[in-house]
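Below is one structure, written out as structure tokens; the observations come after it.
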Amino acid sequence: MTFLARAGYSYHTPHRSLERLQRHSAGLFVLPHEIIAERRTGVGRYVTRLLEGEDIVASRQLTAEVYMRKGHVDADRIGPDGILLNDTKDAIAHYIGTFDRMSGELVATGRVTWRPQITVDKLATPFDQLNPSIADEMRQLPPGSVADLGSLAKRTGVPLAATMGVIREAYCFAEDNDIEYLVAGIVPDVYEGYQKRFGAGVERIADEPLHHEGYKGTQIGIRMPIRTAAEIYWHEAHTVRDGLMLAVERALIYEYMRNEVESFQAHGPIWRA
């Protein structure tokens, strides 16, 4: 019996179970609403997609705006068009954006830096700063097996679901392109939240903080395995050692991912026996 069954949620009434989770988890209100809306109507309030044209410009402007507001970059690193100057990875980046259907506004964004034949040392993540054994392991993978997930940014007051949409789209992109790992550098306070939400789905890959040229402050280096992600997330959602509410949050994330990511769909629902 899983923790959902022990908590009184039925295997056979997924929408009703999610509605109960919604009522009992006020802090997670938006994510269960998005899961239910996507399954009932095919779309939630927040819609995420790969970006083209002017939407890419808006994505880069949002990242620059958020980075400057949080003190990650100096004002002189932003050009008159509101975009970060000297962005050497733009040419190999695939931009992702989440839009609020009510306003039409881009509310969260990120990008996957990748090309089929690219090697890890051409990515934005400084592989020379990673733990040597992990860096060597990923260097031995075929070109195109590793991609950066970066430039994550969201507007103030935007809920977790919008950023989760960007992450989910990145997982879909990774599966479509046979990418084994997404690597990223995230600020320490955000890393703590990632570690709680994703459990073993996030692996720290550098003992020391990472330093990026032109970026003020340090980041924690992580990687997210793609091929085993569904199994890891499913297991973490059934692990209550860190508390029932955290397990519930992980279950919601798993089900949200399952709405779009093929490997999660193949792995099956969280409430199965």
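Side chains included, hydrogens not; waters and symmetry mates left out as well; all remaining heavy atoms used.
Hydrophobic clustering of Ile, Leu, Val, Met, Phe, Trp and Tyr side chains at less than 4.5 Å, counting indirect connections, keeps Ile205 apart from Val112. When hydrophobic clusters are built by joining Ile, Leu, Val, Met, Phe, Trp and Tyr residues whose side-chain heavy atoms come closer than 4.5 Å, directly or via intermediates, Val66 is not grouped with Ile96. Grouping the Ile, Leu, Val, Met, Phe, Trp and Tyr side chains by contacts below 4.5 angstrom, directly or via other members, places Tyr191 with Ile253. A single hydrophobic cluster is seen to contain both Val261 and Ile35, as judged by linkage of ILVMFWY side chains at heavy-atom distances under 4.5 Å, directly or through other members. When the side chains of ILVMFWY residues are joined at heavy-atom separations under 4.5 Å, either directly or via intervening members, Met138 and Ile226 end up in two distinct hydrophobic clusters.
With Glu34 contributing its side chain and Arg45 its backbone, the two residues share a donor-acceptor pair below 3.5 Å. Without hydrogens or angle criteria, Asn177 side chain to Phe173 main chain gives a donor-acceptor distance under 3.5 Å. Judged by distance alone, the side chain of Arg250 and the main-chain N or O of His235 form no donor-acceptor pair under 3.5 Å. Proximity of a side-chain donor or acceptor of Asp100 to a complementary backbone N or O of Tyr46 within less than 3.5 Å is not detected. Side chain of Ser103 to main chain of Glu105: a donor-acceptor pair is present (N/O by atom type, distance under 3.5 Å, no hydrogens or angles). In terms of modelled atom types and a separation under 3.5 Å, the side chain of Glu236 and the main chain of Ala200 share a donor-acceptor contact. No donor-acceptor pair under 3.5 Å is formed between the side chain of Gln219 and the backbone N or O of Pro209. No donor-acceptor pair closer than 3.5 Å links the side chain of Lys122 to the backbone N or O of Lys89. When atom types are taken as modelled, the side chain of Trp114 and the backbone of Ile92 share no donor-acceptor pair closer than 3.5 angstrom. Judged by distance alone, with hydrogens and angles left aside, the side-chain atoms of Glu255 form a donor-acceptor pair with the main-chain N or O of Ile270 at under 3.5 Å.
The CG atom of Asp90 sits 8.0 Å away from the CD1 atom of Ile83 when rounded to the nearest 0.5 Å. Expressed to the nearest 0.5 Å, how far OG1 of Thr218 lies from CD1 of Ile186 amounts to 11.5 Å. From Met68, atom CE reaches atom CG of Leu84 across 10.0 Å, with rounding to the nearest 0.5 Å. Atom CE of Met224 and atom CD1 of Ile179 lie 13.5 Å apart (nearest 0.5 Å). Here the CD1 atom belonging to Ile220 is positioned 11.0 Å from the CD atom belonging to Glu192, to the nearest 0.5 angstrom. Once rounded to the nearest 0.5 Å, the distance linking CG of Leu106 with CD1 of Ile56 reads 11.5 Å.
Taking both residues in full, the closest heavy atoms of Thr98 and Ala162 are given as OG1-O, 2.9 Å, listed atom of the first, atom of the second, then distance. Counting all heavy atoms, side chain and backbone alike, Arg204 lies closest to Ile134 at O-CD1, 4.0 Å. The heavy-atom pair separating Val30 from Ala161 by the smallest distance is CG1-CB, 3.6 Å. When every heavy atom of Ala247 is checked against every heavy atom of Thr239, the shortest pair comes out as CB-O, 3.6 Å. Across every non-hydrogen atom of Thr109 and Ser59, the tightest pair is OG1-OG, 2.6 Å. For the pair Tyr95 and Ala93, the tightest heavy-atom approach, listed with the atom from each and the gap, is CE1-CB, 3.7 Å.
For the pair Pro269 and Arg258, the minimum side-chain heavy-atom distance is below 4.5 Å. Taking the side chain as every heavy atom from C-beta outward, Glu169 and Leu50 approach each other to under 4.5 Å. Counting only heavy atoms from C-beta outward, the side chains of Thr163 and Lys154 approach each other to under 4.5 Å. Side-chain contact between Glu260 and Tyr171: absent, with no pair of heavy atoms (C-beta onward) separated by less than 4.5 Å. Taking the side chain as every heavy atom from C-beta outward, Glu203 and Ile222 never approach each other to under 4.5 Å.
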_side-chain contact (heavy atoms from CB on, under 4.5 Å), that's the test. Do Val187 and Tyr215 meet it? Break it down for me._
CA-CA 11 Å; Val187 295; Tyr215 183 93; 3.2 Å; yes

*Can you check side-chain contact (heavy atoms from CB on, under 4.5 Å) on Gln129 and His211, steps first, answer last?*
CA-CA 8 Å; Gln129 298 179 35; His211 298 268; 4.1 Å; yes

*asked:* Would Met164 and Thr48 count as a side-chain contact (heavy atoms from CB on, under 4.5 Å) here? Give the steps.
replied: CA-CA 9 Å; Met164 278 303 308; Thr48 308; over 6 Å; no

*Which is it for Leu149 and Val183 under the side-chain contact (heavy atoms from CB on, under 4.5 Å) test, yes or no, and what are the steps along the way?*
CA-CA 6 Å; Leu149 173 60; Val183 296; over 6 Å; no

_Pair Trp234, Phe264 - check ring-ring contact (aromatic ring centres under 6.0 Å, His included), show working._
CA-CA 9 Å; Trp234 193 89; Phe264 283 73; over 10 Å; no

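At most 12 heavy atoms of other shown residues, nucleotides or ligands fall within 6.0 angstrom of atom CD in Glu262. Annotation for Asp176: atom CG counts as buried by contact number, over 12 foreign heavy atoms lying within 6.0 Å. By the 6.0 Å contact criterion, CD on Glu65 is enclosed, its count of non-hydrogen atoms from other residues, nucleotides or ligands being greater than 12.
At a cut-off of 3.5 Å, with distance as the only test, a side-chain donor of His94 or Arg115 sits close to an acceptor on the other residue. Defined by atom type and a distance below 3.5 Å, a donor-acceptor pair is missing between the side-chain atoms of Asp74 and Tyr67.
Checked for salt-bridge contact, Glu175 and Arg227 miss the test: no charged N lies under 4.0 Å from a carboxylate O. A salt bridge is absent between Glu249 and Lys196; no separation between the charged side-chain nitrogens and carboxylate oxygens falls under 4.0 Å. Electrostatic pairing of Arg111 and Asp148 does not count as a salt bridge here, judged by no charged N lying under 4.0 Å from a carboxylate O. We find that Arg60 and Asp81 are not joined by a salt bridge, their nearest charged nitrogen and carboxylate oxygen being 4.0 Å or further apart.
Geometric assessment of Arg223 against the ring of Tyr181 yields a positive cation-pi assignment under the 6.0 Å and 45° thresholds. With a 6.0 Å cutoff to the six-membered ring centre and a 45° limit on the axis angle, Arg168 counts as a cation-pi contact of Tyr256.
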